[in-house]
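Before any comments, here is the structure.
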Amino acid sequence: MRIGYPCINRTIGCTPSRTFRLSSYTDNRLMDTVRENLACLAKILAYNEKYHLLFFRVTSDLVPFASHPVCTFRWQEYFSGEFERIGKYIRNHRFRISMHPDQFVLLNSPDEGVLRRSIAELVYHVQVLDLLGLDDSAKVQIHVGGVYNNKSASIERFVKRYELLDTSILNRLVIENDERLYSISDCLAIYKQTGIPVIMDTFHHSLLNNGEKFAALLQPVRQTWKAADGIPMVDYSLQEPGKRAGTHAEHINADDFRHFLATTLAADFDVMLEIKDKERSALEALGIAREDPRLVTGDPPQA
DNA sequence: CAGTGTCAAGGTGGA
DNA sequence: TCCACCTTGACACTG
């Protein structure tokens, strides 16, 4: 099991998510921003390596406007050396990497324009992982999409669209349950029609389920991941006390995380902590996981 | 220079 | 039919 956190690090004083307004787009602005974002990504990975946080989600903001028509600059070629360098570091240290395009990627939208932009965005995400030279265990996770007043028709549309995607996308794409529309069971049903691996989100599952226990779903979900996909990924989060249902916690709750590990002990997976204080909670989670020597790969860092 | 309204992109659901 | 909300950091303008 590897433990990780998404996208940004609040300790080291840089962000890999620098961006700018579309209205101020220039190729030079893009070059400067991407250069800084990549430099920061490299710093975060060095930090993560030092503390044995070996699972990391790369921000979608790495290359701003990458899938927008305004961006005709060949950033893939211009930065290929830097991507290669970072990718080598990732491979050498056996990091697990994921990416998570946001809400605008909707493969099952009835709107062809939305579909077209969604695919362009997926192409961008896959290009980043390809440029890093990562194998098919580096995943791009999306949600199933909208319901559009007809869930079964929307699932059917997802399946049909999925089958038309390029292999380079198919090899990396996984679907995650959300908290309002598509449960883990829905995702498993879609897997049966497509073969797409399913990524479980504990917090979403607590808000939308059909009465199944999370632990009981681990085994069926495990089978959706082929050998080349690596071990399953799981998103872990919990409710922020006193906030609207669905609000992610500011900080990890040690008891809850310990309980989560205990109930899932039989399964092997990588855990992404979607908790707002990022690496701080991830470090605490790692400490908790190390209470049980069966759980975490790698030696503790030397003092 | 701190505070704050806004930002490429979509969809849901309550009023 | 309209609007708030999701989720959220970072930009860029305002005073």
Stem list, DNA chain B (Watson-Crick or G-U pairing under 3.5 Å, at least 3 consecutive pairs): B:1-7 with C:9-15, B:10-15 with C:1-6
Flag for A:Thr15-A:Arg18: side-chain donor and acceptor within less than 3.5 Å: no
Sugar-phosphate, base or nothing in reach of A:Val70, heavy atoms under 4.0 Å: nothing
Rounded distance in Å - CD1 (A:Ile142) to C1' (C:dT7): 18 Å
Rounded distance in Å - CG (A:Asn37) to P (C:dG9): 16 Å
Carboxylate-amine/guanidinium contact A:Arg280 A:Glu250, below 4.0 Å: no
Nucleic acid contacts - residues 115-126 of chain A versus DNA chain B, non-hydrogen atoms under 4.0 Å: A:Arg117, A:Glu121
Under-4.0 Å salt bridge between A:Asp32 and A:Arg29: no
Donor-acceptor pair between A:Asp135 and A:Ser137 side chains, under 3.5 angstrom: yes
Nearest-angstrom distance, P atom, B:dA9 to C:dT1: 23 Å
Between C:dG9 (C1') and A:Glu36 (CD): distance, integer Å: 16 Å
Nearest-angstrom distance, P atom, B:dG14 to C:dT7: 15 Å
Sugar-phosphate only, base, or nothing, as touched by A:Gly145 at under 4.0 Å among non-hydrogen atoms: nothing
For atom CG of A:Asp61 and atom P of C:dT7, their distance in whole Å: 17 Å
Sub-6.0 Å ring centroid separation between A:His143 and A:His100: yes
Terminal contacting nucleotides, 5' and 3', DNA chain B versus chain A (heavy atom, 4.0 Å): B:dG5 to B:dT12
Whole-Å P distance, C:dC13 and B:dA8: 12 Å
Pairing of A:Glu291 and A:Arg258 as salt bridge, 4.0 angstrom limit: yes
Whole-Å distance separating the CG atom of A:Asp277 from the P atom of C:dT8: 12 Å
Carboxylate-amine/guanidinium contact A:Glu82 A:Arg35, below 4.0 Å: no
Atom-to-atom span, CD of A:Glu250 to C1' of C:dT8 - whole angstrom: 12 Å
Side-chain N or O of A:Thr15 closer than 4.0 Å to phosphate OP1/OP2 of C:dG9: no
Pair A:Asp229 + A:Lys139: basic N to acidic O under 4.0 Å: yes
A:Arg18 side chain near C:dA12 phosphate (N/O to OP1/OP2, under 4.0 Å): no
A:Phe20 CZ to C:dC13 P, straight-line distance once rounded to whole Å: 14 Å
Separation between the P atoms of C:dT8 and B:dG3, rounded to whole Å: 23 Å
For A:Val105, the option from A:Arg117, A:His125, A:Glu121 that meets side chain to side chain contact (heavy atoms under 4.5 Å, CB included): A:Glu121
Main-chain N/O of A:Leu181 paired to A:Lys151 side chain as donor or acceptor, under 3.5 Å: yes
Selection from C:dT7, C:dT8, C:dC11 that lies nearest to any side-chain heavy atom of A:Lys276: C:dT8
Whole angstrom value for the distance that separates C1' of C:dT7 from CD of A:Glu179: 10 Å
Ring centres under 6.0 angstrom apart (A:Phe95, A:Phe56): no
Sugar-phosphate, base or nothing in reach of A:Thr247, heavy atoms under 4.0 Å: nothing
Sugar-phosphate, base or nothing in reach of A:Tyr148, heavy atoms under 4.0 Å: sugar-phosphate
Touch class at under 4.0 angstrom, heavy-atom based, for A:Glu274 against every strand present: nothing
Distance-only donor-acceptor check, side chains A:Ser109 and A:Asp111, under 3.5 Å: no
Mutual orientation of the aromatic rings belonging to A:Phe65 and A:Tyr25 [parallel < 30°, tilted 30-60°, perpendicular > 60°]: perpendicular
